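First the structure, in the form of structure tokens, and then the observations on it.
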Amino acid sequence: MAGLWLCDADDGIRELYAELAPHGELLTPEELVQRLDAGERPTGLLVDSALFDGLAPDVVALILGLPRVAVCTGRPAELDELLGSTARPRIVEKPFELEAFDRTLAWLTEESAAETSATA
């Protein structure tokens, strides 16, 4: 499994993610789908909720089935409607505070850090 993936359609948000999480890999939605279609899986994924609007249901199910998923959203009620009771990713509400974002990044990378130290 790959490490942390950060996906957003907005160039500015990806630039922000690059500053806040330099250890993560930045992806556009198209790149995310291509990587998933190729069988690659991250240990942690942060995506924007708008991404779910344009994805096929099977891709959404695949994303929500990943080990650690966080969704950055300015519309948590709409996200609840979209996801229903099938999955509960971690939610990062926009605008987010840096402390909350840092906690989410720590959670997203926790498993991969444990694996790295176990194999070292």
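Please read these numbers as outputs of a predicted model, since none were measured by experiment.
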Nearest 0.5 Å, please: how far is NZ in Lys94 from CZ in Phe101? 10.5 Å
Applying side-chain contact (heavy atoms from CB on, under 4.5 Å), can you list everything that pairs with Asp10, at least two apart in sequence or on another chain? Asp8, Ile13
Residues two or more places apart in sequence or in another chain: which of them pass salt bridge (charged side-chain N to carboxylate O under 4.0 Å, His left out) with Arg103? none
Give the minimum heavy-atom separation between Ile91 and Thr73, together with the two atoms involved. CG2-CG2, 3.8 Å
List the steps, then state whether side-chain contact (heavy atoms from CB on, under 4.5 Å) holds for Leu46 with Cys72. CA-CA 7 Å; Leu46 175 66; Cys72 196; 4.2 Å; yes
Under the side-chain contact (heavy atoms from CB on, under 4.5 Å) rule, what do Val47 and Leu32 come out as? Steps first, then yes or no, please. CA-CA 10 Å; Val47 296; Leu32 173 65; 4.1 Å; yes
Please list, chain by chain and in numerical order, all residues satisfying side chain to side chain donor-acceptor pair (under 3.5 Å) with Thr104, sequence neighbours excluded. none
Given side chains that start at C-beta, do those of Leu66 and Pro42 come closer than 4.5 Å, heavy atoms only? yes
Where at least one partner belongs to residues 29-39, residue pairs that pass salt bridge (Lys or Arg N to Asp or Glu O under 4.0 Å), sequence neighbours excluded: Glu25-Arg35, Arg35-Glu40
Please report the closest heavy-atom contact between Ala9 and Pro29, naming both atoms and the distance. CA-CD, 3.6 Å
Is the shortest side-chain heavy-atom distance between Val69 and Ile63 below 4.5 Å? yes
Applying salt bridge (charged side-chain N to carboxylate O under 4.0 Å, His left out) to Asp11 and not counting sequence neighbours gives Arg14
Strictly distance-based, threshold 3.5 Å: is any side-chain N or O of Arg41 a donor or acceptor partner for the main-chain N or O of Leu36? yes
Which atom pairs, one a donor and one an acceptor, fall under 3.5 Å between side chains of residues 17-24 and the rest of the protein, sequence neighbours left out?
none

Stepwise, does the side-chain contact (heavy atoms from CB on, under 4.5 Å) test hold for Arg68 with Glu110? CA-CA 9 Å; Arg68 293 183 189 260; Glu110 190 173 84; 3.4 Å; yes
Tell me, do Thr43 and Trp5 make a side-chain contact under 4.5 Å, heavy atoms counted? no
Are the side chains of Leu105 and Leu4 in touch, meaning some heavy atoms are under 4.5 Å apart? yes
As an exercise, state the distance from CG of Asp48 to SG of Cys7, rounded to the nearest 0.5 Å. 8.5 Å
